[in-house]
Number of protein chains: 4
Amino acid sequence: MPQQEPVEPVDQWIQEIVKMSDEKMTEKQLRIVQAAVEVFAEKGYASSSTSEIAQKAGVAEGTIFRHYKTKKELLISIVSPMMSKLLAPFVLNEFKEVLETDYPTLEDFLYAVAVNRMNFARKHLKIIKIMLQEIPFQPMLQKEFKQHIGTRVFKRFTEIIEHFKAKGEVVDLPTPALLRFASTAMIGLFITHFLVMPGAPWDEEQEIRHTITLIMNGMAAK
Amino acid sequence: MPQQEPVEPVDQWIQEIVKMSDEKMTEKQLRIVQAAVEVFAEKGYASSSTSEIAQKAGVAEGTIFRHYKTKKELLISIVSPMMSKLLAPFVLNEFKEVLETDYPTLEDFLYAVAVNRMNFARKHLKIIKIMLQEIPFQPMLQKEFKQHIGTRVFKRFTEIIEHFKAKGEVVDLPTPALLRFASTAMIGLFITHFLVMPGAPWDEEQEIRHTITLIMNGMAAK
Amino acid sequence: MPQQEPVEPVDQWIQEIVKMSDEKMTEKQLRIVQAAVEVFAEKGYASSSTSEIAQKAGVAEGTIFRHYKTKKELLISIVSPMMSKLLAPFVLNEFKEVLETDYPTLEDFLYAVAVNRMNFARKHLKIIKIMLQEIPFQPMLQKEFKQHIGTRVFKRFTEIIEHFKAKGEVVDLPTPALLRFASTAMIGLFITHFLVMPGAPWDEEQEIRHTITLIMNGMAAK
Amino acid sequence: MPQQEPVEPVDQWIQEIVKMSDEKMTEKQLRIVQAAVEVFAEKGYASSSTSEIAQKAGVAEGTIFRHYKTKKELLISIVSPMMSKLLAPFVLNEFKEVLETDYPTLEDFLYAVAVNRMNFARKHLKIIKIMLQEIPFQPMLQKEFKQHIGTRVFKRFTEIIEHFKAKGEVVDLPTPALLRFASTAMIGLFITHFLVMPGAPWDEEQEIRHTITLIMNGMAAK
DNA sequence: TATGAATGAGGCTTCATTCAT
DNA sequence: TATGAATGAAGCCTCATTCAT
């Protein structure tokens, strides 16, 4: 079990990516986006009306369409950048090096990353909910999802797992199975606490540590 | 690792529940339900139109409303029974006894249950997809979900995990964490293969075994 | 100058074409079409609103879209059949034979045809006005116009003019110039009295005769 | 048939009218007018948007409304002066005198005028198209049209025709019929070649001569 | 003078639901 | 029971026009 580690090192190399790149929005446009996030998250994209968004944003309905050609473009403009920002740290080239250089144990590293992403997710919970809801129905989001996950994040994680397998620290099971196991256990933690049981009290640090412990135990070479 | 086991024993005690309780539907009504499942799964509930459902079912639009007062009632009538059927085996009182009586190892038992539920899910994939999509937006479904999971399935699983903890076979971590870990790893397997990567080829038996192995390793008392 | 001739012979061979082929319309659909003709003719297609059409037709706005998928489809459904009906008599194969068989002089024949088409046009004046207004902006109507005029009516008229040229009765100028001259002089008569000066009193029979006389004089071999 | 005549004489007495009276327009205003002509001609007035005009003109939308109070005023400002310029030569008081003084034959005169107006029309084709399209729907244009045609051009042409009738050179038919015949045959030539078949190759000089020949033949006292 | 963000009325179209047949 | 024409509310979007800068 890792000692309490400062999260900063991770944030150092993510910071320029994590920081919001939503530049130069007018104040009304910002209000539109915020209202859209609220309404989409509450009712789902298809059941949300632009008139309700406009009302909640305190602008005229026509103003929405001055900034976004269609309702769908408004959705995409919200969800699409979130997807890349959410996964950005896992795409970095230095990922593996940082992992070995800056952290005493794999668990430490995973914990740092998990906390960082958890904080990010908590901050953008509604957008992530919208993203999960709409990916099945929006081909454009599917495309972005596949590009990000399929060809970048997946590859990076695969490298890391095989690195540890080569070192004899990870059980000899197929890499895809290991990857799926680890990621769904972590994502499951996230979804359970943020989406399935949003009200339940929890000690985030403890929960993350337990989950990582279980994952590590599961994957450890016997 | 368990030997190849016949799945039948599990089915024996689920059979009366798993068996369809779709009673006395007219042929047209059946066609409506089938069409609705197709369309809801493809476009999502809110983006589906009753006219498209009617057309695909080969009935007049009015006919739908003769059987279901509203579009939402049609949705509920499809999703609601599926939820209980999907979780039914985990609610049975004899669950724990069967587990200890009929199966040599815990892994054997989990494998049998997993295969059984996987087959069930494959058969009703579209409805499950609709269910997952609509639970966040349909209070009635949320209520049923909470009743089933929160007060019945959760309780049953908690009992079982604590049973094994008491026997010293499971690591001493909080039961909710263990439960979440095990279930999300299994559900993650399901969602990955059925929903995220529906086309990918896979050896179901192997995948289930690997996942259970990882879960068991993770939870095993060290 | 021809004696007063009965118009019937011409009508005999056009009758089955001239007769309306608008079959099996519901009463509401008929009211929609009538209202649309009124409004389109008065304001022009682009400046007409479906809500005004619905109101004038005494139906709900949605009812229009039950019968016509779009506003443009409503326009096309009105104008397109009119174009072929208007030109139908000029396309008939027996045109030239009838001309030589049933009428003592070319003038008689032209007079009969002119009266027949004038009556038809008067009856459908508004639709013809819409047609003329919208052809420049509706590619589908342009296509139909080219097919009808370019490849059928033009060809028929060319044959007839060359027939009389061969008989030495028509001046030796290029056939297209003769055709254009004769047709625009006739169409000019129509447009002047029906569209440019709709209120002016006139003796239709006299006007037609004068115009034909002038056309014949103009084209006569000197 | 007249010899090739210089067109200048006609232009001499039209020149001060034909010359553009577009005074003191800013460069932006000019660009707005040009863009409006393009867009109105292509899509029709009602289907054109001020935003498209502004974009094509390279100005802000608001700039249009600084120069023209409404969209309709922009239309009128374009079409209205064109109408008078197009018909100006036919309104001149000296018309008849010029006719008898400067040209050996009536045909010569008509040819000269036709060529002159044809050139003018070719130069302002789009505006004329807009004019023809919008007269039916714009009361203000109708008013101007009636004033120009009804009380001035019509009167002038009537005088000329009756002048030649008195001289025994024109057939004894009602003057309005003669006038309509001649004008629609000429206008028909114009519309056919410029609007109905804009792409077709043609020898303008020949076509005008043929048409005038046919008109003269038609109207000649027998 | 010029801009362009903002407006809100109005346009076309969809759709769940009703009802006479 | 089944139909499908009809409804009208509501949805998305366009657009001429205004106004603060």
Side-chain angles (χ1 to χ4, degrees), chain A residues 25-29 31-32 46-55 57-74, chain B residues 26-29 32 45-55 57-75, chain C residues 25-29 31-32 46-55 57-74, chain D residues 26-29 32 45-55 57-75:
Chain A
M25 273 191 174
T26 78
E27 189 248 342
K28 295 221 177 206
Q29 191 171 358
R31 291 221 308 275
I32 289 169
S47 298
S48 303
S49 77
T50 51
S51 84
E52 182 177 356
I53 293 169
Q55 196 180 344
V59 301
E61 202 173 350
T63 306
I64 293 177
F65 294 94
R66 193 149 267 290
H67 294 286
Y68 305 93
K69 265 202 292 283
T70 64
K71 184 188 168 195
K72 185 166 291 176
E73 193 181 296
L74 172 58
Chain B
T26 79
E27 191 247 345
K28 279 190 198 263
Q29 192 172 357
I32 289 169
Y45 168 74
S47 299
S48 302
S49 76
T50 51
S51 85
E52 182 177 355
I53 293 168
Q55 196 182 340
V59 304
E61 261 195 276
T63 307
I64 292 177
F65 293 90
R66 196 146 284 286
H67 294 286
Y68 304 92
K69 226 168 10 218
T70 66
K71 184 188 167 193
K72 187 165 290 177
E73 192 181 298
L74 172 58
L75 170 70
Chain C
M25 271 190 175
T26 79
E27 190 247 343
K28 296 219 177 207
Q29 191 172 358
R31 291 221 308 274
I32 289 169
S47 298
S48 303
S49 78
T50 51
S51 85
E52 182 178 356
I53 293 169
Q55 196 180 343
V59 303
E61 203 173 349
T63 307
I64 293 177
F65 294 91
R66 194 149 266 292
H67 294 286
Y68 304 93
K69 264 200 294 280
T70 64
K71 184 187 167 195
K72 186 165 290 176
E73 193 181 296
L74 173 58
Chain D
T26 78
E27 191 249 343
K28 278 189 198 264
Q29 192 171 357
I32 289 170
Y45 168 74
S47 298
S48 302
S49 76
T50 51
S51 86
E52 183 177 355
I53 293 169
Q55 196 183 341
V59 303
E61 261 194 275
T63 307
I64 292 178
F65 292 91
R66 196 147 282 284
H67 293 285
Y68 305 93
K69 222 160 25 209
T70 65
K71 184 187 167 195
K72 186 166 290 175
E73 192 180 297
L74 172 59
L75 170 70

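What you see below is based on every heavy atom in this structure, not just the backbone, and it leaves out hydrogens, waters and symmetry mates. Chain letters run A, B, ... following the sequence lines, proteins first, then strands; residues in each count from 1.
- In plain terms, the two heavy atoms of D:Ile64 and D:Ile53 that are nearest each other are CD1-CG2, 3.9 Å.
- At least one side-chain nitrogen or oxygen of B:Thr63 sits closer than 4.0 Å to the OP1 or OP2 atom of F:dT3.
- No side-chain heavy atom of D:Leu75 sits less than 4.5 Å from a side-chain heavy atom of D:Tyr68.
- In this structure, the CD atom of C:Gln55 is 13 Å from the P atom of E:dG10, given to the nearest Å.
- If you find the closest nucleotide of DNA chain E to A:Glu27 and to B:Ala46, the one lying nearer the 5' end belongs to A:Glu27.
- Remark: P of F:dG8 and CZ of C:Phe65 are 16 Å apart, rounded to the nearest angstrom.
- For the pair D:Lys71 and D:Tyr45, the distance from NZ or CZ to the six-membered ring centre is under 6.0 Å and the angle to the ring normal is within 45 degrees.
- Distance, B:Arg66 CZ to F:dT3 P: 10 Å, rounded to whole Å.
- Summarising the geometry, the separation between CD on B:Gln29 and P on F:dT1 is reported as 10 Å, rounded to the nearest angstrom.
- Mapping C:Val59 and B:Ala60 onto DNA chain F via the closest heavy atom, the residue that lands nearer the 5' end is B:Ala60.
- When the P atom of F:dC15 is taken as reference, atom OH of D:Tyr45 falls 13 Å away, rounded to whole Å.
- Between the NZ atom of B:Lys72 and the P atom of E:dC15 there is a distance of 17 Å, rounded to whole Å.
- Here the straight-line distance linking atom OG1 of A:Thr63 with atom CZ of A:Arg66 works out to 8.0 Å at 0.5 Å rounding.
- You'll find that the side chain of C:Ser49 is closest to E:dG11, out of F:dA6, E:dG11, E:dA16.
- Across all strands shown, E:dA2 is found opposite F:dT21 as a Watson-Crick or G-U wobble partner, with both distances under 3.5 Å.
- Using a 4.0 Å cut-off, no side-chain N or O of D:Lys69 falls inside it from OP1 or OP2 of F:dT18.
- At the phosphate of E:dA16, OP1 or OP2 sits under 4.0 Å from a side-chain N or O atom of B:Thr50.
- Between B:Glu61 atom CD and E:dC19 atom P the separation is 16 Å, expressed in whole Å.
- OP1 or OP2 of F:dT3 sits under 4.0 Å from a side-chain N or O of B:Lys28.
- Note: CD1 (B:Ile64) to P (F:dT1) measures 16 Å, nearest angstrom.
- Mapping A:Ser48 and B:Gly62 onto DNA chain F via the closest heavy atom, the residue that lands nearer the 5' end is B:Gly62.
- Between E:dT1 and D:His67, no contact under 4.0 Å exists linking OP1 or OP2 to a side-chain N or O.
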Check your understanding: Please walk me through it: do A:Thr50 and A:Glu61 pass side chain to side chain donor-acceptor pair (under 3.5 Å)?
Key -> CA-CA 7 Å; A:Thr50 51; A:Glu61 202 173 350; 2.7 Å; yes

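- Under the Watson-Crick or G-U wobble criterion, with both distances below 3.5 Å, F:dA16 is paired with E:dT7.
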